Amino acid sequence: DSGVTQTPKHLITATGQRVTLRCSPRSGDLSVYWYQQSLDQGLQFLIQYYNGEERAKGNILERFSAQQFPDLHSELNLSSLELGDSALYFCASSVGDLATNEKLFFGSGTQLSVL
Amino acid sequence: AQTVTQSQPEMSVQEAETVTLSCTYDTSESDYYLFWYKQPPSRQMILVIRQEAYKQQNATENRFSVNFQKAAKSFSLKISDSQLGDAAMYFCAYRSGYSGYALNFGKGTSLLVTP
């Protein structure tokens with residue numbers, strides 16, 4: 001158990017809908033990262049938050065947004081869902097912002113299926 | 001952007017034998033970190049081993065070791081005394097030491113361990 005908690009584990013929805021994925025980082029970790037894993041694109045970095053502020057952005061679509069709350073949990077919001085958004089969404093956390101040599105701890109992921 | 005290539009989609013090894021998974025990367029940076037992650041059927045991403053580019057000595061973690069060839073931009077993972085529990089997807093990943101937030105992952109190698 002990495003200590004990173006993601007809910008829900010599975011999510012099935014329809015095209016055009018909006019969903020929210022939740023992540024609770026390890027106790028004491030200030031950074032949260034979101035990754036998308038799909039069969040065609042592999043594992044892609046979406047976005048990072050550090051202590052409530054956006055720190056880095058990757059290949060995140062405009063239909064997607066995220067935030068980190070004062071209690072450090074994070075939510076990834078996916079809207080106007082398309083079939084191609086079906087993927088495994090990982091959250092990861094670290095103590096700092098990975099500017100130094102730190103370990104990244106991954107949650108078990110949320111499997112999103114868009115029908 | 002840095003690219004990570006894993007040329008072996010699938011590998012097979014017998015229990016107690018040794019297997020080597022290949023990874024090459026493309027970068028013009030001198031400061032970076034390389035990782036091997038394991039993803040078992042549980043989907044959890046588990047850090048196997050980490051190598052700092054500035055270190056000449058190859059990293060070792062119990063039965064797992066790497067062959068880091070900086071000039072050749074090669075980072076292979078050797079698993080000794082393979083166990084059934086080693087069966088998983090293995091991902092090679094790169095992280096910049098300059099803008100070190102995102103992990104760039106390879107497409108992965110599926111390792112099958114046979115009794």
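A, B, ... follow the sequence lines: proteins, then strands. Residue 1 opens every chain. Being a predicted model, the structure only gives us computed values, none of them experimental.
- Using a 4.5 Å cut-off between heavy atoms, A:D40 contacts chain B through its backbone alone, with no side-chain atom that close.
- Heavy atoms of other residues, nucleotides or ligands lying less than 6.0 angstrom from CG of A:L39 number 12 at most.
- Atom CD of residue B:Q39 and atom OG of residue A:S108 lie 10.0 Å apart, to the nearest 0.5 angstrom.
- Residues A:Q37 and B:F91 are in side-chain contact: their nearest non-hydrogen atoms beyond the backbone lie under 4.5 Å apart.
- A 6.0 Å sphere centred on NZ of B:K78 holds no more than 12 heavy atoms belonging to other residues, nucleotides or ligands.
- With hydrophobic clusters built from ILVMFWY side chains whose heavy atoms lie under 4.5 angstrom apart, A:L46 does not share a cluster with B:Y94.
- For a residue to count as touching a neighbouring chain, one of its non-hydrogen atoms must lie under 4.5 Å from one of that chain's; by this rule A:Q44 does not touch chain B.
- Linking Ile, Leu, Val, Met, Phe, Trp and Tyr residues whenever their side-chain heavy atoms come within less than 4.5 Å leaves A:L72 and A:V95 in two separate clusters.
- Using a distance-only test at 3.5 Å, with no hydrogens or angles considered, a donor-acceptor pair links the side chain of B:Q44 to the main chain of A:F106.
- B:Y37 has its side chain within reach of A:L104: a pair of non-hydrogen atoms, C-beta onward, lies under 4.5 Å apart.
- Hydrophobic clustering (side-chain heavy atoms under 4.5 Å, transitive across Ile, Leu, Val, Met, Phe, Trp, Tyr) keeps A:L83 apart from A:L88.
- Of the two parts of A:I47, neither the backbone nor the side chain holds a non-hydrogen atom closer than 4.5 Å to a non-hydrogen atom of chain B.
- Within 6.0 Å of the CG atom in A:L61, the count of heavy atoms belonging to other residues, nucleotides or ligands exceeds 12.
- No path of Ile, Leu, Val, Met, Phe, Trp and Tyr side chains, each step under 4.5 Å between heavy atoms, connects B:L47 with B:F75, placing them in separate hydrophobic clusters.
- A:Y35 places a side-chain N or O within 3.5 Å of a backbone atom of B:L103 that can act as its donor or acceptor partner.
- In this structure, B:F105 has its ring center at least 6.0 angstrom away from the ring center of A:F45.
- Hydrophobic clustering, with ILVMFWY side chains joined whenever heavy atoms are under 4.5 angstrom apart, groups A:F64 together with A:V19.
- Residue B:R43 holds its CZ atom at 8.5 Å from CD of A:Q6, rounded to the nearest 0.5 Å.
- Of the two parts of A:F105, neither the backbone nor the side chain holds a non-hydrogen atom closer than 4.5 Å to a non-hydrogen atom of chain B.
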